[in-house]
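Worksheet for the structure shown next.
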Amino acid sequence: MLPLRMLGLLILMLFHCAADSVCPPESNPLTLDPPEVMVEHGQSFQVNCSTTLDHEMIFWRDENGIIDVEEDMEFITLMVANMSDWDVQPQCKIKIDETHECSKDLLLTIYKNPESVTMFPINYAHPVVEGTQYQIQCDIINVAPVQNLTVRWYQGNKNIHTDSFTNTTKKPVSESPILTLNLSREDNGAQVRCEAQLDLGPQEPQLPTVSSKTQTLFVEYKPVVECQSKFTGREHDFNLSMVPCQADGNPPASVKWYHKGRLINASQPLTRMDSGEIEFTATNRIGRANATIVVTVEYAPEFHQLENVPVVVAKGSNVSLGCEADGNPPPEIHWAYDAAGLDKVNTAENQSNLNITGVTNDTTYFCIATNKLRVISKPIFVQVETISTAANSVDMATPEPSEPRACPLELMPARPVVRYGDPASVNCSTSSTDHVGMGWEAADGGTEFQENVTFVIWTVKQLEDWTMSPKCYITLHDNFQCLKTPFITLYKTPDTMSVSAVGHAGPMMERTEYHLQCDIINVAPVQNLTVRWYRGNETVKTELINDTRRRSSNVSSHLTVIPTADDNGAEFGCEAQLYLGPDELQPHPTATSAPYIASVLYKPLIQACPSHYTGVEHSFTLSMVPCQADGNPPSTVQWHHQGRLTNKSMPLTRMHSGTYIFEAVNTMGRTNTSIDITVEYGPAFTCDDRYEVIENAEHQIQCKPEGKPEPVITWFKDGKEVSSPVRLTKNDSGKYSLKATNAHGDAQHLLYADVLYAPEFQQGNDTVEVTQGSIVSLVCSAEGNPPPKLHWNYTSAPNVNETTGGRQRNIIITGATSTNTGIYICVATNKVGTVTRSTTLIMKDNTTAIICVTVTILLIIIIIVITLCYCKKKHGQYDFLPVRTRDGPNIPMTSQSA
């Protein structure tokens with residue numbers, strides 16, 4: 001006999017179509033606990049459905065039919081051990097009577113967090129140019145439900161955009177939102193990422209955020225320059241690298257300097273010829289920028305003529321001395337003299353000419369040129385030519401001549417140059433034929449008055465008298481007497497020369513002002529002395545000594561230096577040269593000091609350090625990076641990564657790629673630079689051995705090997721090389737071998753690709769015409785991977801049964817009637833999709849309908865009889881009727897004693 005539960009199910013199926021009314025929500029007698037379920041795909045859950053209303057039965061149902069049923073119970077529990085069906089929609093129902101039902105749907109959300117989130121640029125390669133519209137795609141793979149998905153884009157820690165989705169599908173999907181950025185130079189180096197999160201509501205568990213890897217933006221932009229509009233420096237003491245100009249660009253800009261269209265070396269000291277507008281240019285492959293700086297090169301005064309040529313004038317005459325000097329700022333000119341007895345001197349300020357009235361004595365005048373950089377002087381010797389006439393030889397009635405008589409004497413040499421202690425001589429001759437005699441008047445080497453001679457010689461064996469001024473005189477027959485004095489330059493080269501640092505001993509410190517002193521011992525004449533300072537072979541200063549002393553003296557010259565690292569070990573020296581006249585035959589003796597070797601303390605300078613460097617995993621250490629540090633005292637070098645000190649001898653692995661700081665430290669300070677280090681390594685696979693892919697879908701086998709540089713992947717199937725599969729069909733299922741190769745080796749991986757495809761029916765929709773009372777068999781079969789689940793949708797009837805055999809699900813209609821006519825829909829479902837196939841059943845004539853009704857009535861009678869028999873059995877009386885099996889003969893039923 002049929003148990004009551006099965007009988008209830010049969011009756012429920014029989015009356016389901018007629019009793020499908022649903023209670024209004026405000027009067028719904030069903031209660032679900034919990035009323036809403038959020039469950040992760042593949043996990044379990046349970047829900048109680050209860051009611052206080054009288055009912056015949058309570059059951060759970062979904063789109064595939066009845067799940068569970070209870071009679072005479074006030075509640076029923078739905079238990080799901082593995083929630084794998086995305087389309088399930090459970091519904092709790094009660095049958096109140098034969099015509100009324102109430103139902104309540106379970107609010108069920110099946111969720112799945114994204115399998116992966118990846119981000120990559122679209123149709124762009126790094127870096128990009130400023131102003132370019134840059135698009136990044138974020139791929140969120142297999143997430144459900146997508147309407148609960150939020151994708152946030154971050155630049156650094158700032159949320160710059162949020163995407164949401166309106167797709168109402170329940171099954172996992174993949175989404176690929178795109179972010180568009182208008183990049184500027186401020187975005188260079190910014191880090192961008194996307195994050196995906198399922199928001200299931202405030203009462204549900206907060207699912208972890210799945211984030212992509214961070215991508216660093218590299219934006220190229222043309223240079224921008226910032227310069228001071230004006231700059232002033234001292235000749236030979238500064239170069240263009242000292243001008244405060246900066247250039248910002250990516251890639252880093254190449255800077256150049258131009259003056260009047262001529263390229264200038266930025267490290268070359270500037271001269272006065274470089275004054276004016278100088279153009280600073282910065283160029284990279286994106287563009288060019290420039291700025292104009294007005295550079296003023298200042299230099300100390302310099303006389304137009306350095307030679308000391310004596311000015312010979314007659315006694316009592318007037319003379320005008322001229323003196324011109326260049327300099328920047330323009331120098332002021334002043335005058336001084338070293339003897340008294342001037343009748344009148346024009347002493348106007350900044351006067352380039354000196355007018356002297358009534359010259360009476362030999363005098364040295366000094367033209368002094370001054371600006372803020374230096375004071376220089378130039379001696380000009382005015383020599384008075386003396387002409388005398390005896391008083392008794394002059395006729396008082398005779399008027400004086402309008403011009404003085406010329407002295408008929410000639411000195412050879414007129415300007416002797418003699419080294420201190422050397423012999424000296426001057427020949428005094430005359431062309432006169434009416435003279436009485438001639439001679440020399442001198443403290444040493446003088447001669448007596450000699451008659452009837454045409455020349456006399458002044459001579460000394462050793463000239464050591466700094467004031468020696470011999471005079472050659474002549475007397476004519478008319479008692480006219482005159483004399484001439486040679487302009488003697490007695491010189492002495494320095495005994496010694498040395499360079500020292502004033503007030504400082506030991507090493508210098510960079511960027512600190514120091515003064516070097518050149519001591520020149522026992523040199524004369526000082527006013528003829530020029531001192532030149534050298535740094536190596538380069539002249540850095542020239543000084544004319546402003547001193548009127550003719551005797552041997554000690555002289556000092558000073559050089560101001562502000563040393564840099566380049567000056568460490570540099571040799572500074574001074575040279576003293578005596579300018580003894582314009583005559584090319586005159587000597588210009590020179591003396592040179594021993595070099596002063598500068599020792600400069602300076603903070604470390606990092607050299608030869610590349611911005612990027614690549615090494616091979618396990619065989620590469622930081623000590624192999626060609627970074628050098630120069631410093632005084634010697635530097636200690638360190639490497640830092642992510643804020644931590646790193647052992648430079650430790651072999652690096654792929655996990656150590658990144659930005660490193662190379663730092664050099666000494667007592668003067670510290671200097672560092674950053675290097676992007678990439679640790680390359682051979683290929684390696686970390687993929688699964690088996691992949692389920694959907695037919696004709698793109699990029700579902702996420703098997704990408706690790707390796708740097710990025711490996712080249714070759715696919716093989718059945719020992720033959722094949723193209724990398726983009727879309728697979730059902731025929732592509734099978735084993736694949738992958739080979740990854742880069743510069744550091746290769747790796748292999750075996751995997752099985754199981755191509756899933758939606759169900760497929762071999763036949764299409766059809767129509768079946770049957771006769772009343774006949775037996776009808778409807779077959780439903782479909783192919784698919786995974787094998788599809790089959791079920792029928794139709795109007796149930798007592799004479800309709802479903803059977804399962806192999807991969808078929810069949811409907812057997814016994815004694816077909818008109819109630820069996822209609823559409824029978826076969827539904828085939830797997831995880832890839834769902835397809836349907838319909839069969840329309842029609843009767844050949846009206847008799848069929850009558851037969852169907854009769855059969856239905858008979859079925860109802862049979863059910864009633866079965867029910868009565870069942871009840872009777874429970875009272876101890878049993879009747880057995882032979883039951884005919886569907887596929888075989890009748891089986892005799894015999895009673896057994898209780």
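Here the structure is a predicted model, which means the values were calculated and not measured.
- For the salt bridge (Lys or Arg N to Asp or Glu O under 4.0 Å) test, no residue two or more places apart in sequence or in another chain qualifies with Lys260.
- Atom CG of Leu605 and atom CG of Asn632 lie 10.5 Å apart (nearest 0.5 Å).
- For Asn167 and Thr169, the side-chain atoms include no donor-acceptor pair closer than 3.5 Å.
- Atoms CZ and OG1, from Arg511 and Thr564 in turn, are 7.0 Å apart once rounded to the nearest 0.5 Å.
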Working for side-chain hydrogen bond (donor to acceptor under 3.5 Å, both in side chains), residues Asp248 and Gln246: CA-CA 7 Å; Asp248 176 35; Gln246 296 180 346; over 6 Å; no
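- A salt bridge is absent between Glu695 and Arg727: the closest approach of a Lys/Arg side-chain nitrogen to an acidic carboxylate oxygen does not fall below 4.0 angstrom.
- The two residues Gly189 and Thr216 make their nearest non-hydrogen contact at O-CG2, 3.8 Å.
- The distance from atom OH of Tyr154 to atom CG of Leu179, rounded to the nearest 0.5 Å, is 13.0 Å.
- Partners of Arg262 by salt bridge (Lys or Arg N to Asp or Glu O under 4.0 Å), not counting sequence neighbours, listed by chain and number: Asp274.
- Judged as a side chain to side chain donor-acceptor pair (under 3.5 Å), and not counting sequence neighbours, Gln642 has no contacts.
- Scanning both residues, Ile140 and Pro177, for their nearest heavy atoms gives CD1-CD, 3.6 Å.
- The backbone N or O of Thr296 lies less than 3.5 Å from no partner atom in the side chain of Ser275, so there is not a single donor-acceptor pair.
- Listed for the His259 side chain is a donor-acceptor partner under 3.5 Å among the backbone atoms of Glu277.
- Pairs engaging residues 731-743 under the salt bridge (Lys or Arg N to Asp or Glu O under 4.0 Å) rule: none recorded [sequence neighbours left out].
- Here the CG atom belonging to Leu728 is positioned 8.5 Å from the CG atom belonging to Asn696, to the nearest 0.5 angstrom.
- Heavy atoms only, all atoms of each residue included: Pro114 and Val117 are closest at CB-CG2, 4.2 Å.
- Although no hydrogens or angles enter the test, the distance criterion places a donor-acceptor pair under 3.5 Å between the side chain of Ser212 and the main chain of Cys194.
- Of the possible polar contacts, none joining the His504 side chain to the Ala501 backbone as a donor-acceptor pair under 3.5 Å is found.
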List the atom pairs, with distances to 0.1 Å, where a side-chain N or O of residues 141-152 and a protein N or O form a donor-acceptor pair under 3.5 Å, not counting sequence neighbours.
residue	atom	partner	partner atom	Å
Asn142	ND2	Glu115	OE1	3.3
Asn142	ND2	Glu115	OE2	3.0
Asn148	ND2	Asp199	O	3.0
Arg152	NH1	Gln197	OE1	3.4

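- Crowding of Arg644 atom CZ: a count of heavy atoms from other residues, nucleotides or ligands under 6.0 Å not exceeding 12.
- Judged as a salt bridge (Lys or Arg N to Asp or Glu O under 4.0 Å), and not counting sequence neighbours, the contacts of Lys831 are Glu692.
- With a 6.0 Å radius and a threshold of 12 heavy atoms from other residues, nucleotides or ligands, Gln607 has its CD atom above the threshold.
- Contacts of Thr560 classified as side chain to side chain donor-acceptor pair (under 3.5 Å), with partners at least two apart in sequence or in another chain: His515.
- Side-chain atoms of His161 and Asn159 include no donor-acceptor pair closer than 3.5 Å.
- At a threshold of 4.5 Å between non-hydrogen side-chain atoms, the residues Phe685 and Leu751 do not count as touching.
- At distances below 3.5 Å, at least one donor-acceptor pair connects side-chain atoms of Asn666 with backbone N or O atoms of Pro633.
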Test log, rule side-chain hydrogen bond (donor to acceptor under 3.5 Å, both in side chains), inputs Asn647 and Trp639: CA-CA 7 Å; Asn647 184 351; Trp639 289 88; over 6 Å; no
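- Between the side chain of Ser176 and the backbone N or O of Asp139, no donor-acceptor pair lies under 3.5 Å.
- The backbone N or O of Ser267 sits less than 3.5 Å from a side-chain atom of Asn265, completing a donor-acceptor pair.
- Remark: the backbone N or O of Val219 is paired with a side-chain donor or acceptor of Asn188 at under 3.5 angstrom.
- Residue-environment remark: CE (Met509) stays at or below the threshold of 12 foreign heavy atoms within 6.0 Å.
- Under the 3.5 Å distance criterion, the side-chain polar atoms of Asn672 are left unmatched by any main-chain donor or acceptor of Ala664.
- Taking Glu235 as the reference, Arg272 meet the salt bridge (Lys or Arg N to Asp or Glu O under 4.0 Å) condition, with sequence neighbours excluded.
- The backbone N or O of Pro610 lies less than 3.5 Å from no partner atom in the side chain of Tyr613, so there is not a single donor-acceptor pair.
- Screening residues 172-193 for salt bridge (Lys or Arg N to Asp or Glu O under 4.0 Å) gives Glu130-Arg185, Arg193-Glu195 as the qualifying pairs, with residues at least two apart or on separate chains.
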Trace of the ring pair (Phe, Tyr, Trp, His ring centres under 6.0 Å) decision for Phe572 with Trp533: CA-CA 7 Å; Phe572 289 87; Trp533 284 89; 7.8 Å; no
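- Side-chain atoms of Ser241 and Asn239 form a donor-acceptor pair, as typed in the model, at a separation below 3.5 Å.
- No hydrogens or angles considered: a donor-acceptor pair under 3.5 Å links the side chains of Thr621 and Ser623.
- Once rounded to the nearest 0.5 Å, the distance linking OG1 of Thr271 with NE2 of His236 reads 6.5 Å.
- When the side chain to side chain donor-acceptor pair (under 3.5 Å) test is applied to Glu279, the partners found at least two apart in sequence or on another chain are Asn290.
- In plain terms, the two heavy atoms of Tyr602 and Gly631 that are nearest each other are CE1-CA, 3.5 Å.
- For Tyr111 and His41, the ring centers sit 6.0 Å or farther from each other.
- Among pairs with a residue in residues 602-623, those fulfilling salt bridge (Lys or Arg N to Asp or Glu O under 4.0 Å) read Glu617-Arg654, at least two apart in sequence or across chains.
- With values rounded to the nearest 0.5 angstrom, Glu663 atom CD is found 13.0 Å from Cys627 atom SG.
- Asp567 meets the side chain to side chain donor-acceptor pair (under 3.5 Å) test with Arg535; sequence neighbours excluded.
- Between His641 and Tyr660, the ring planes lie parallel to each other; the angle is under 30°, not in the 30° to 60° tilted range.
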